[in-house]
Protein chains: 2
Amino acid sequence: MSRPTMNDVARTAGVSLKTVSRVVNGEPTVTPDLAARVRAAVETLDYRPHLGASLLRRNDRRTRMIGVLLEDVSNPFSGVLHRAIEEEAHARGVHVLTGSLGEDERRERELARAFRQRQTDGLIIAPTGSDQTYLSRFTGTPIVFVDRQPSGFLADTVVSTNVAGAAVAVRHLAAHGHRRIAFLGDNQRIPTARERFRGYLQALGHRPGPVVHELRGEAAAERATIALLRRADPPTALFTSQNLITIGAVRALRRLDRHRSVALVGFDDFPLADLLEPAVTVVAQHPARIGRVAAGALFERIDGHDGPPREIRVATTLIARGSGEIFATGN
Amino acid sequence: MSRPTMNDVARTAGVSLKTVSRVVNGEPTVTPDLAARVRAAVETLDYRPHLGASLLRRNDRRTRMIGVLLEDVSNPFSGVLHRAIEEEAHARGVHVLTGSLGEDERRERELARAFRQRQTDGLIIAPTGSDQTYLSRFTGTPIVFVDRQPSGFLADTVVSTNVAGAAVAVRHLAAHGHRRIAFLGDNQRIPTARERFRGYLQALGHRPGPVVHELRGEAAAERATIALLRRADPPTALFTSQNLITIGAVRALRRLDRHRSVALVGFDDFPLADLLEPAVTVVAQHPARIGRVAAGALFERIDGHDGPPREIRVATTLIARGSGEIFATGN
DNA sequence: ATGAAAGCGCTAACAA
DNA sequence: TTGTTAGCGCTTTCAT
């Protein structure tokens, strides 16, 4: 025998199907006596309502399920973001479908489509692709972007104050006497990455130091840093615009035994940054806050809010720990 | 106007509803001409099949969705586990519902029930509660446990070789001359935690050093370590049985400036362990492998495999980095 | 307060 | 190859 239906419950309780439906859905218009009998039948049959069937017939077509697309659920920034979103959802009795995108544009599109097809009430996306035009067909599904803003499609977006944060980092280095401050960054097609570069340029007036873009991952950042420090005229300080790049740079400085002489400020905090020698100065983002705000915005939209797309900026915080307070040596 | 249905598509394409169904489901028995007309109609109407309705009628009641319950999606071990599971699922066209449990037993039960109610094809659970008896009612939903084995309910379980791994760690310390090796551990109601303690005892014959259990989180571990080292007869080496505890211990050693004199081996690796001073020796678990294996086992069950519950052990690896190779000083 | 009937969007079983 | 009919498990609407 298969799973019991409302009909089975009705039969064993000796009531009509509709009465069972009323009890299950907590409608108040049922006599306590009948309600008790229904609940007993539910118990003995181990009845569980079929959410899909209920959804099919309901007017209020909410699945109470949202989709979250992140760069990689195993990286610390995404993890904290994810957790914060999950908490907000949990508080509303909403479940979360999760997907990691890596750098795969196609996977972003496919997962977004697939999640929507599952009738998720809304989507939170940290876009990895360089074009989100495909989302314009997603009518009826609220979308909020986090961490990176979209291209070719407009919706609520929650991101850090990248320009200001990067500028603060670079000015901090300049204040410690540095004149040749290198920029190490990643994919410049991503608006967020461009903003951080802009902050760097802004802070240095128009006298930038050496610049390296398109660094993918720790290893690439380590190699690039080594190359930079072996140049004839090496930088005395580094600004790394992303956490994996920061870690790569730390490894490079260690290998060259320059970690006590070359200053470093990274964008985005990471676990144990405070336990390294020297501890790493960063401009911290607040992924938990970003997640909370993004989830809040999404649920507002789901609940019918219909204003124009908002861009919400979350402030960053400079955390001086040592690596950024190394002074420039004479040159 | 609302979302188009198969009927709408049928009407605009001038065919029967069933023909549309055939095209949408890729059944081969449709003339190219009709199929093309259907696809055109799908395109112009922006039709998307309603998964819920389809599920309701199908014989093969697969949602192609699994549920994953983890301790905390924002901790690195869980994150890597999660990603590995997601990759296996993705390869099979399956989506993942995720939930974090913290230390909340009730949340475990509630989420497991809720996910099952959503007709997830199976569940992967890193149990936080001390009793999984409630799962015995979950007939028809395959379950696999990861990281920690269940109590009161039996199912496939994928865990590290905790006893052996802990013993290796402790013997490694003993081999460096240590005789007073402390154990710092967490919740002893969790079988996994007990196993690690057992490995510790096993390695020391019956001459254990100081033992502290029930440490919850980094801060507690830090305090406990400080207290331990201030005793009259302090340990010369520490075995920390979990990654947050290891980090707490590192902080304590730093604060007391004993990080170069007291040896430390931790159970479970963590990011940047190799960049600390001294780099932290660990018995590494392999969360990615655990995740892959667990997902594999779950999908086997979903595909109908019906053997007895299996306990699958994943080996650990000692990674000597420095902190575990500090020799005992005369005493 | 309770129930009967209709139908949500789709697929199974069968017929043409 | 195509179409017709019934019905998945539930909620709606309308009657009682």
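Quick note on labels: first sequence line is chain A, next is B, and so on, each numbered from 1.
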Could you tell me which residues satisfy salt bridge (charged side-chain N to carboxylate O under 4.0 Å, His left out) with B:Arg83, sequence neighbours excluded, listed by chain and number? A:Asp72, B:Glu87

Please round to the nearest 0.5 Å and tell me the distance separating atom CG of B:Asp147 and atom CZ of B:Phe77. 4.0 Å

Heavy atoms within less than 4.0 Å of DNA chain D: which residues of residues 110-122 of chain A have one? Give them sorted by number. none

Do [X] and [Y] pair up side chain to side chain, a donor and an acceptor below 3.5 Å, judged on atom types alone?
{"X": "A:Gln149", "Y": "A:Thr192", "answer": "yes"}
{"X": "A:Thr128", "Y": "A:Glu103", "answer": "no"}
{"X": "B:Thr120", "Y": "B:Arg116", "answer": "no"}
{"X": "B:Thr63", "Y": "B:Asp121", "answer": "yes"}

Could you tell me whether the side chain of B:His305 reaches within less than 4.5 Å of the side chain of B:Arg310, counting heavy atoms only? yes

Would you indicate, yes or no, if D:dT1 has its OP1 or OP2 atom less than 4.0 angstrom from a side-chain nitrogen or oxygen of B:Thr29? no

Across all chains, not counting sequence neighbours, the side-chain hydrogen bond (donor to acceptor under 3.5 Å, both in side chains) partners of A:Ser21 are A:Asn25

Under 4.0 Å protein heavy-atom contacts per nucleotide of nucleotides 8-16 of chain C, with B for base, S for backbone only and - for none: BBBBB----

Measure from the ring center of B:His82 to the ring center of A:His82 and say whether it is less than 6.0 Å. yes

Salt bridge (Lys or Arg N to Asp or Glu O under 4.0 Å) contacts in which one or both residues fall within residues 15-27 of chain B, not counting sequence neighbours: B:Arg22-B:Glu27

What bend angle does the helix from C:dA1-D:dT16 to C:dA16-D:dT1 show across its length, from five-pair end axes and to the nearest 10 degrees? 30°

